[in-house]
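Sending over a structure as structure tokens; questions will come in a sec.
As a basis for the values below, the full set of heavy atoms in this structure was taken, side chains included, without hydrogen atoms, waters or symmetry mates. First listed ligand is number 1; within each ligand, the first listed atom is number 1.
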Amino acid sequence: MINETYKAMLQGKSVIRELSEYATARGAEIGYENVFDYSLGNPSVPCTQDYTDAVIKLHREENPMALHGYSPSLGNTKVRGIVADSLNRRFGMNYETKHIFMASGAAGALAHAIRCVTKPGDEIITFAPLFPEYFPYVNTSGAVLKVVPADTKAFQINFEEFEKMLNPNVAAILVNSPNNPSGTVYSEETLTRLADILCAKQKEYGHDIFIISDEPYREIVFDGKTCPYLSKFYDNTLSCYSFSKSLSLPGERIGYVAANPACTDADLIALMCGQISRGIGHNCPSSTVQQAVAEVIDETSDMSVYETNRNLLYDALTRLGFEVVKPQGTFYIFPKALEEDAKVFCMKAKKYDLILVPADGFCCPGYFRMAYCIDTEKVKRSIPVLEKFVKEEYGNS
Ligand SMILES: Cc1ncc(COP(=O)(O)O)c(C=O)c1O
């Protein structure tokens with residue numbers, strides 16, 4: 001019998017994907033260089049040469065039977081150790097190999113982490129604005145996603161609303177910093193306050209509340225800053241990392257879950273992920289890719305272009321009168337639309353071949369997202385177009 005749940009999901013297709021497909025089709029008509037496509041979060045800088053060299057070396061020198069064989073179900077043991085050492089060195093943690101589980105990108109890591117610390121019917125709380133894929137990630141696990149309305153002043157956490165939503169059914173909090181779509185990095189004050197509240201609630205309810213920390217943008221932070229490592233603030237944390245953005249490898253599907261060694265059942269989390277893999281079929285990410293990322297574990301692509309693009313767009317948008325919080329990381333900027341309905345605003349922008357994503361799906365109506373992981377030259381060319389759009393449609397300049 002057809003599964004009606006998945007069939008019904010066909011009606012709720014990703015707006016981002018639809019806009020990206022539109023941009024590609026429009027590009028075929030007028031030349032893609034003339035479409036200012038700010039839709040998709042696909043990195044625009046190449047992976048490092050060292051990564052490419054590592055892949056080539058593995059193919060040239062490794063025994064093909066070993067290289068292309070199944071990796072252990074928790075991931076290549078040596079690679080897990082290299083990940084643990086890197087996190088310890090960089091963030092002052094004390095992970096061991098047994099705390100790391102290799103997964104297919106952040107999406108794969110989240111699928112495991114969610115199932116590890118919730119059961120069907122449990123609530124997971126997250127904060128707007130949010131990555132719209134959180135709904136399918138959580139809903140298909142049987143847990144229920146509850147969304148705290150945005151703090152539109154700074155895009156930190158709206159604690160007043162958060163505290164109202166906490167209740168004994170809450171099993172986990174899903175946190176994304178640096179944040180897609182706002183570009184905000186949660187401050188140490190925010191993370192300390194979040195941890196204090198959760199510690200008190202764990203005692204009050206008599207059960208664990210885990211933080212699932214979604215960190216694919218952890219390395220993309222601007223102005224010489226770094227992103228506070230959430231697991232340092234709260235023991236019951238599962239960090240979900242991905243090399244998709246930091247090493248520009250989204251197609252290679254590689255990331256991991258790191259269980260804080262002080263969390264409940266820390267020694268069992270990776271093992272449980274191995275069991276979850278058996279059920280959801282996301283087991284054994286590519287063994288070549290696991291070994292190649294381990295060779296360049298502390299490297300990132302050259303991400304200076306994202307900061308350049310952030311500066312260009314932030315200056316232009318503020319000059320044009322947009323209300324916008326300056327992003328501290330990622331490759332997204334999240335201004336308020338110039339009319340109440342951001343869908344209408346983005347529809348009007350399309351006439352100028354500006355592809356902007358309305359934020360209704362990000363649970364923050366009235367705002368829109370620009371993914372500025374595109375060539376700086378194109379960002380520069382888009383600014384007069386943005387000016388023209390604003391002037392003609394809204395009479396501002
Ligand atoms: C906030 C957030 N979480 C998770 C993901 C999934 O990333 P991955 O490609 O590593 O699966 C993305 C991808 O854009 C994202 O923006």
Short N or O separations between ligand 1 and the protein, below 3.5 Å:
{"unit_1": "ligand 1", "atom_1": "3 (N)", "unit_2": "Asp214", "atom_2": "OD1", "d": "3.4"}
{"unit_1": "ligand 1", "atom_1": "3 (N)", "unit_2": "Asp214", "atom_2": "OD2", "d": "2.6"}
{"unit_1": "ligand 1", "atom_1": "9 (O)", "unit_2": "Ser244", "atom_2": "OG", "d": "2.9"}
{"unit_1": "ligand 1", "atom_1": "9 (O)", "unit_2": "Arg253", "atom_2": "NH1", "d": "3.0"}
{"unit_1": "ligand 1", "atom_1": "10 (O)", "unit_2": "Ala106", "atom_2": "N", "d": "2.7"}
{"unit_1": "ligand 1", "atom_1": "10 (O)", "unit_2": "Ser242", "atom_2": "OG", "d": "2.5"}
{"unit_1": "ligand 1", "atom_1": "10 (O)", "unit_2": "Ser244", "atom_2": "OG", "d": "2.9"}
{"unit_1": "ligand 1", "atom_1": "11 (O)", "unit_2": "Ala106", "atom_2": "N", "d": "3.3"}
{"unit_1": "ligand 1", "atom_1": "11 (O)", "unit_2": "Ala107", "atom_2": "N", "d": "2.9"}
{"unit_1": "ligand 1", "atom_1": "11 (O)", "unit_2": "Arg253", "atom_2": "NH2", "d": "2.6"}
{"unit_1": "ligand 1", "atom_1": "14 (O)", "unit_2": "Tyr217", "atom_2": "OH", "d": "3.4"}
{"unit_1": "ligand 1", "atom_1": "14 (O)", "unit_2": "Lys245", "atom_2": "NZ", "d": "2.9"}
{"unit_1": "ligand 1", "atom_1": "16 (O)", "unit_2": "Asn180", "atom_2": "ND2", "d": "2.8"}
{"unit_1": "ligand 1", "atom_1": "16 (O)", "unit_2": "Tyr217", "atom_2": "OH", "d": "2.7"}

Could you list the donor-acceptor pairs under 3.5 angstrom formed between side-chain atoms of residues 320-330 and any protein atom two or more places apart in sequence or on another chain?
{"unit_1": "Gln328", "atom_1": "OE1", "unit_2": "Val185", "atom_2": "N", "d": "2.9"}
{"unit_1": "Thr330", "atom_1": "OG1", "unit_2": "Tyr332", "atom_2": "N", "d": "3.1"}

### Task
Show your working on salt bridge (Lys or Arg N to Asp or Glu O under 4.0 Å) between Asp223 and Arg310 and close with a plain yes or no.
CA-CA 11 Å; Asp223 305 313; Arg310 187 269 319 243; 3.0 Å; yes
### Query
Does a side-chain N-to-carboxylate-O contact under 4.0 Å join Arg60 and Asp53?
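Salt bridge: no.
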### Query
So Tyr137 and Phe131, would you call those rings parallel, tilted or perpendicular, with 30° and 60° as cut-offs?
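Aromatic pair Tyr137/Phe131 classed perpendicular.
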### Task
To the nearest 0.5 Å, tell me how far Phe345 CZ sits from Glu339 CD.
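Rounded to the nearest 0.5 Å, the CZ-CD separation comes to 8.0 Å.
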### Message
I'd like to know if the side chain of Ser177 reaches the main chain of Asn179, judged simply by a donor and an acceptor atom lying under 3.5 Å from each other, with no hydrogens or angles considered.
### Response
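Not a single qualifying donor-acceptor pair exists.
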